[in-house]
Amino acid sequence: MVRPVGRGATGGRGRRGPAAPLGAARSSGATFEPGGDHTIRDGVRMTKERTNTGRAEIASRSEDFAAWYNDVVLAAELADYSPVRGCMVIRPYGYALWEHMQSHLDARLKATGVENAYFPLFIPESLLAKEAEHVEGFNPEVAWVTQGGDEALEERLAVRPTSEAIIMHMYSKWAQSYRDLPFLINQWGNVVRWEMRTRLFLRTAEFLWQEGHTLHATPEEATERTLLMLDVYRKFVQEDLAIPVIPGVKTASERFPGAAETYTIEALMGDGRALQAGTSHDFGSHFTQAFDITFLGRDGQRRHGYTTSWGLSTRMVGGIIMVHGDEQGLILPPKVAPVQVVIVPIWRSDEERERVRAFVESFGGALGTHVRVRTDFSEDKTPGWKFNEWELKGVPLRLEVGPRDVANNSVVAVRRDNRQKEPVGLDALAGRVRELLDDVQRSLFERARAFLEEHTFEASSVEEMREILDRSRGFILAGWCGSAECEAEVKERTRATIRAVPFDRGDEPVPCVRCGEPGRGRVYFARAY
RNA sequence: CGGGGCGUGGCGCAGUCCGGUAGCGCACCAAGCUGGGGGCUUGGUGGUCGGAGGUUCAAAUCCUCUCGCCCCGACCA
């Protein structure tokens, strides 16, 4: 819900006038915040005498994170609700962000030898049903096509919830000899999962992602691939999206249907809830057995191959919003920001405007060859309005250019993450812009890393976990004996799940938070999206 | 699937209890003044009140049915 500004909303920016009388609260109710006071955000009613500035206002991040998130997505024009239940429209600004994410990730995937291809959206039921755990896992959320035109189909078609089935089918056709292997194929596309409850970017019935599928001659090679791709994700998310992650293994209950092992990178959102940022699955020979994928080895023996798959979705757009955003709106990591630098010209008279325009043109073009620059010369908005608008949209760096700057042969640079202003002479502009963008990228990561560290706790009992989760959400490192019973019990009592069993948990025996039996090292628990 | 809320110009809402022929702010259009943190004035455009039935002289308002969306819980990238 996006409301006009000037209604005395809490935590708003740059608003004047007395606080408006309180109206009906948001229907959404309270959201709990780390260390927050659990207030319900007050929706505020319009009054006739109040003057509005007419700009979209967003909820306070600290008071109602969920409402803030929705408001930011809508107000920054990343996405909008569609007439189709559970499906959203990704708007140009949001799609541009996704495209930049794609190009960074795509390059990283290709650097490991992966090639892109495209497989059909429709998957015959008989194929989907071949791997038992796989069907069972996805059944509840599969959308089916039963009719084409006026004709009922002989076999119904699943709208892919994931593409293992169709790709394994093709792999069985293509795999002949060990000389053909490995198959390293990635697909950028959409999938459909009939979700009960949806949220913009975080969980929609249809979403965009990439899914990579590989086939190998040996289990070792498949495992190596699985871990390699997890590391590609880790680097992409940390270096390009500036989001620190915890890599690790999923427990059996959190494992992908049909996988022998599922690996994950887990990120921590600004409200202290965890988000799975990417997953990589080692299937062993589950799928090659089910789909009869065999090849002839060097020794003349026919044997089954080993497969992997790994995916990262538009959900990470939500991750960027929830990790970096602030009360003013989005903050985008420079590497993937659709607009990295926005130039806001300032003028009073027509004469000044033309002088400023000429000045901007004198350096804007050159700057634009290095970074993604947008100049906002629209005449119907004041500079102040533009400042707020582009901050809402998360542009990492703003250059203010007015008559004073023209006179000084300089501009005023303002970074989005901390709003620090500095004058920059034209001769140093290109270099300084690059430095500032790099520094914003770095600072965002550092800030997020500090947040993650400050919100990672140790607990030695379930009670203690509950206290921590009530007081200040985040990751909780705790001992776990390895049993599904204890895992389920903890979930039941705390709503926190095991997000990852870290690779570096050490050998120290630690008593299980629930039963006290020693397990190896500690695992990460959290309430998750 | 359970619980809650909401559908009235593009957006946000009032009006619904107590029927009388639709209103406010913003946005939008025009003009002028403005412009270094969400400007001001004046004048305008725009709505079969989610849909279908019904009651009535008269329905946004009352009755019945229906569709959709959002939020909160159980499942999931």
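To find a chain, count down the sequence lines: A is the first, B the second, and so on, and within it residues start at 1.
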Under 4.0 Å between any heavy atoms, over every strand shown, what does Gln210(A) touch: base, sugar-phosphate, or nothing? Just pick one. nothing
Are side-chain N/O atoms of Glu327(A) and Ser62(A) paired as donor and acceptor at under 3.5 Å? yes
Does Glu352(A) get its side chain close enough to the base of G35(B), under 3.5 Å, for a donor-acceptor pair? no
Taking the P atom of each, how far is U61(B) from U8(B), in whole Å? 14 Å
For G43(B), what is the paired nucleotide under Watson-Crick or G-U wobble rules, both distances under 3.5 Å? C29(B)
Just to be sure I understand the rule, does Val412(A) reach a base, reach only the sugar-phosphate, or reach nothing, if contact means heavy atoms closer than 4.0 Å? base
Just by modelled atom types, is the Trp209(A) backbone N or O under 3.5 Å from a matching donor or acceptor in the Arg315(A) side chain? no
For atom P, what is the distance between G23(B) and G9(B), given to the nearest Å? 14 Å
Determine yes or no for a side-chain-to-main-chain donor-acceptor pair under 3.5 angstrom, with Tyr93(A) supplying the side chain and Lys393(A) the backbone. yes
Which residue in the set Tyr529(A), Trp68(A), Tyr69(A) passes side chain to side chain donor-acceptor pair (under 3.5 Å) when paired with Asp271(A)? Tyr529(A)
Could you list by number each residue of residues 398-405 of chain A showing a heavy-atom separation from RNA chain B of less than 4.0 Å, or answer none if no residue does? Arg398(A), Glu400(A), Gly402(A), Pro403(A), Arg404(A), Asp405(A)
Need to verify one output field. Residue with the more 5' nearest nucleotide on RNA chain B, Glu141(A) or Gly86(A)? Gly86(A)
For G39(B), does OP1 or OP2 lie under 4.0 Å from any side-chain N or O of Thr382(A)? yes
Between C6(B) and U16(B), how far is it from one C1' atom to the other, in whole Å? 14 Å
Which part of the nucleic acid, if any, lies within reach of Leu275(A) when heavy atoms closer than 4.0 Å are counted: base, sugar-phosphate only, or nothing? nothing
Please classify the nucleic acid contact of Trp209(A) as base, sugar-phosphate, or nothing, using heavy-atom distances under 4.0 Å. nothing
Asp326(A), Val342(A), Leu332(A) screened by side chain to side chain contact (heavy atoms under 4.5 Å, CB included) with Arg416(A), the one that passes: Asp326(A)
Output the single nucleotide from C76(B), G38(B), G37(B) whose closest atom is nearest the side chain of Glu391(A). G37(B)
G35(B), A77(B), G37(B): which one has an atom nearest the side-chain heavy atoms of Ile346(A)? G35(B)
If only side-chain N and O atoms of Lys381(A) are considered, is one of them under 4.0 Å from the OP1 or OP2 phosphate oxygen of G37(B)? no
Report yes or no: do Ser309(A) and Glu164(A) form a side-chain donor-acceptor pair below 3.5 Å? yes
Out of G37(B), C75(B), G35(B), minimum distance to the side chain of Pro383(A) belongs to G35(B)
Rounding to an integer number of angstrom, what distance separates U64(B) and U55(B) when you compare their P atoms? 15 Å
G4(B) and U48(B), which share atom name P, separated by this distance in whole Å: 33 Å
With heavy atoms under 4.0 Å as the rule, sort Lys491(A) into base, sugar-phosphate or nothing. sugar-phosphate
Nearest-Å distance, OH (Tyr81(A)) to C1' (G7(B))? 15 Å
Tell me whether the side-chain N/O atoms of Asn70(A) come closer than 4.0 Å to OP1 or OP2 in C71(B). yes
For Thr198(A), which contact category applies under a 4.0 Å heavy-atom criterion: base, sugar-phosphate, or nothing? sugar-phosphate
Now, which nucleotide makes the Watson-Crick or G-U wobble pair with C62(B), with each of the two distances under 3.5 Å? G54(B)
Taking pairing as Watson-Crick or G-U wobble with both contacts under 3.5 Å, can you name the mate of A14(B), or confirm there isn't one? none
Sub-3.5 Å donor-acceptor pair from the side chain of Asn408(A) to the main-chain atoms of Ser410(A), do we have one? no
Which nucleotide in the list G38(B), G36(B), C76(B) gets nearest to the side chain of Glu389(A)? G38(B)
Quote, to the nearest angstrom, the P distance that separates A27(B) from U41(B). 11 Å
Distance-only polar pair, side chains of Asn70(A) and Arg199(A), donor-acceptor under 3.5 Å: no
Using purine N1 to pyrimidine N3 plus N6-O4 or O6-N4 for Watson-Crick, or N1-O2 and O6-N3 for G-U wobble, each under 3.5 Å, what pairs with U48(B)? none
Say we look at A60(B) and G73(B): how far apart would their C1' atoms be, to the nearest angstrom? 34 Å
Between the base of C76(B) and the side chain of Arg203(A), is there a donor and acceptor pair under 3.5 angstrom? yes
Interatomic distance, Asn388(A) CG vs G37(B) C1' [rounded to whole Å]: 6 Å
Any strand, both distances under 3.5 Å, Watson-Crick or G-U wobble: A77(B) pairs with none
C1' gap between C40(B) and C26(B), integer Å: 15 Å
Going by atom types alone, do Ser349(A) and Trp347(A) pair a side-chain donor with an acceptor below 3.5 Å? no
According to the Watson-Crick and G-U wobble definitions, with both distances under 3.5 Å, which nucleotide is paired to G9(B)? none
Can you check whether Gly325(A)'s main-chain N or O pairs, donor with acceptor, with Arg61(A)'s side chain at less than 3.5 Å? yes
Look through every strand shown and name the nucleotide pairing with G36(B) as Watson-Crick or G-U wobble, where both distances are under 3.5 Å. none
